[in-house]
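It should be emphasised that the depicted structure is a prediction, and the values quoted were computed from it without experimental measurement. So that the names make sense, note that chain A is the first sequence line, chain B the second, and so on, each numbered from 1.
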Protein chains: 2
Amino acid sequence: MEKQVATSIFESLSSGLRLDVFRLLVKKGPDGMVAGEIANALDVPPANLSFHLKALSQARLVTVEQEGRFQRYRANIPLMLDLIAYLTEECCSGSPDQCLELRTASKCSEEFLPLLSPTPAKATT
Amino acid sequence: MEKQVATSIFESLSSGLRLDVFRLLVKKGPDGMVAGEIANALDVPPANLSFHLKALSQARLVTVEQEGRFQRYRANIPLMLDLIAYLTEECCSGSPDQCLELRTASKCSEEFLPLLSPTPAKATT
DNA sequence: TTGATATTTGTAGTATTATTTAAATATGGA
DNA sequence: TCCATATTTAAATAATACTACAAATATCAA
């Protein structure tokens, strides 16, 4: 991933409202939501939401699909996963032991999501 | 994780320079680097770097430890992992099948890092 | 075609952020 | 103590982002 792609993603998620939008769309998964639904759910003026949706889609964090007079937005989850890989690549520059130590210090290790495990949803707990 | 914590992390990483700093520190792992080394490695004026290091440490993305007249900075990797969990939680609101589909669309699925797998560094490739 | 709905675009004001330069603080060594 | 080094703080300027409101575009339905 190129740096500029990464920074524009981070910039997109640095706004509380855009973060809300993105997480809402992550939750909805492949179904996505149309703009009006999002505006309702988050209680923001449509014009303001549109501004932020534009930022999100320019960063490619969300996709848009026209659906009659509606615009359906969906989270670009593969891109998010690429971003995570970019953030953690070269971690501890090739010392998996150190990495593992760090990982276990995180509370996310237990409750971790099937989404991120390399083998389909079969945690060893 | 609270939303404000997440947005300040994203804001921190939305600057190209801060992203460079953070990734450099991730690479260095537990060793970290002192401010001057970072300034040298990235070729930025110390005062400017200091500004950005302050932002990173206020977001708790890096930790600081005084070491004589040096300040040693380290990436807060556990926090980053918590952030990833926050971003992906409730994905597809309980439809692991949909989630899996999305995951395999990402190029990060193969080369994925031991860092993120729930079971210690034993990928099924 | 006309009207209603869904969404985007433009504009302007306000606020926040980044960079540079200079000065300040603090530590270690002579 | 005195000087050099490491880093931070302060001030000023330049650049960018957020929100609200008004207007424009586009689709559907009558």
Side-chain angles (χ1 to χ4, degrees), chain A residues 3-25 28 31-76, chain B residues 3-25 28 31-76:
Chain A
K3 188 169 84 173
Q4 205 197 343
V5 173
T7 53
S8 69
I9 293 174
F10 287 124
E11 193 194 311
S12 288
L13 296 175
S14 71
S15 142
L17 178 50
R18 287 195 295 260
L19 181 57
D20 284 341
V21 170
F22 182 70
R23 298 215 319 146
L24 184 57
L25 290 176
K28 290 291 175 177
D31 292 344
M33 291 174 88
V34 301
E37 288 174 338
I38 302 173
N40 264 321
L42 300 180
D43 194 32
V44 269
N48 190 16
L49 178 67
S50 183
F51 172 83
H52 292 289
L53 283 172
K54 191 179 175 185
L56 282 166
S57 54
Q58 277 175 349
R60 294 195 308 153
L61 259 176
V62 304
T63 61
V64 204
E65 189 186 2
Q66 183 143 13
E67 209 173 73
R69 53 181 155 167
F70 302 89
Q71 304 281 342
R72 183 165 297 273
Y73 287 91
R74 295 182 178 88
N76 183 351
Chain B
K3 187 169 85 173
Q4 205 196 343
V5 173
T7 53
S8 68
I9 292 174
F10 287 124
E11 193 194 312
S12 289
L13 297 175
S14 70
S15 141
L17 177 51
R18 286 194 296 258
L19 182 56
D20 285 341
V21 170
F22 182 72
R23 297 215 319 144
L24 184 57
L25 291 176
K28 291 291 176 176
D31 292 345
M33 292 173 86
V34 301
E37 288 175 339
I38 302 173
N40 265 323
L42 300 179
D43 194 32
V44 271
N48 191 15
L49 178 66
S50 182
F51 172 82
H52 291 290
L53 283 172
K54 191 179 175 186
L56 282 166
S57 54
Q58 276 175 351
R60 292 195 309 155
L61 259 176
V62 303
T63 61
V64 204
E65 189 186 2
Q66 183 143 13
E67 209 173 73
R69 50 180 157 169
F70 302 90
Q71 303 281 343
R72 183 165 296 274
Y73 287 89
R74 295 181 178 89
N76 183 352

Quiz item: Measuring from Leu56(A):CG to Thr63(A):OG1, what's the distance to the nearest 0.5 Å?
Solution: 11.0 Å
Quiz item: Between dA18(C) atom P and Leu56(B) atom CG, what is the distance in whole Å?
Solution: 11 Å
Quiz item: Under 4.0 Å between a side-chain N or O of His52(B) and OP1 or OP2 of dT19(C)?
Solution: yes
Quiz item: How close or far is atom P of dT7(D) from atom CG of Leu42(B), stated in whole angstroms?
Solution: 14 Å
Self-check item: Glu67(B) CD: over 12 foreign heavy atoms closer than 6.0 Å
Solution: yes
Quiz item: Which nucleotide in the set dT19(C), dT8(C), dA20(D) lies at the smallest distance from any side-chain heavy atom of Phe51(B)?
Solution: dT19(C)
Practice problem: For Lys54(A) and dT19(D), give me the distance from atom NZ to atom P, rounded to whole Å. | Solution: 16 Å
Quiz prompt | Closest listed nucleotide, where the reference is the side chain of Ser50(B) and the choices are dT9(C), dC18(D), dT8(D) | solution = dT8(D)
Quiz item: Please walk me through it: do Gln66(B) and Gln71(B) pass side-chain contact (heavy atoms from CB on, under 4.5 Å)?
Solution: CA-CA 5 Å; Gln66(B) 183 143 13; Gln71(B) 303 281 343; 3.9 Å; yes
Practice problem: Could you work out which one of dT8(C), dT9(D), dT7(C) sits closest to the side chain of Val34(A)? | Solution: dT7(C)
Practice problem: Remember a base hit wins even if backbone is also touched, and classify Glu67(A) as base, sugar-phosphate or nothing at under 4.0 Å, heavy atoms. | Solution: nothing
Quiz item: With respect to the phosphate group of dA6(D), does any side-chain polar atom (N or O) of Tyr73(B) fall under 4.0 Å of OP1 or OP2?
Solution: no
Quiz item: Do the side-chain N or O atoms of Arg69(A) get closer than 4.0 angstrom to the phosphate oxygens (OP1, OP2) of dA29(D)?
Solution: no
Practice problem: Please determine, for the side chain of Ala47(B), which listed nucleotide (dT8(D), dC18(D), dT7(C)) has the closest atom? | Solution: dT8(D)
Exercise. Measure the distance from CZ on Phe70(A) to C1' on dA26(D) and round it to the nearest whole Å.
Key: 13 Å
Exercise. Please assess Leu17(A) against Asn48(A) for the test side-chain contact (heavy atoms from CB on, under 4.5 Å), listing each intermediate value before the final yes or no.
Key: CA-CA 10 Å; Leu17(A) 178 50; Asn48(A) 190 16; 4.3 Å; yes
Practice problem: Using a 4.0 Å heavy-atom cut-off across all strands, classify Arg72(B) as base, sugar-phosphate, or nothing. | Solution: nothing
Self-check item: Heavy-atom pair with the smallest gap, counting every atom of Asn76(A) and Phe22(A)
Solution: N-CE1, 4.3 Å
Quiz item: At under 4.0 Å between heavy atoms, what does Ala39(B) touch on the DNA or RNA strands: base, sugar-phosphate, or nothing?
Solution: nothing
Quiz item: Rounded to the nearest Å, what distance is computed from the CD atom of residue Glu11(A) to the P atom of nucleotide dT16(C)?
Solution: 17 Å
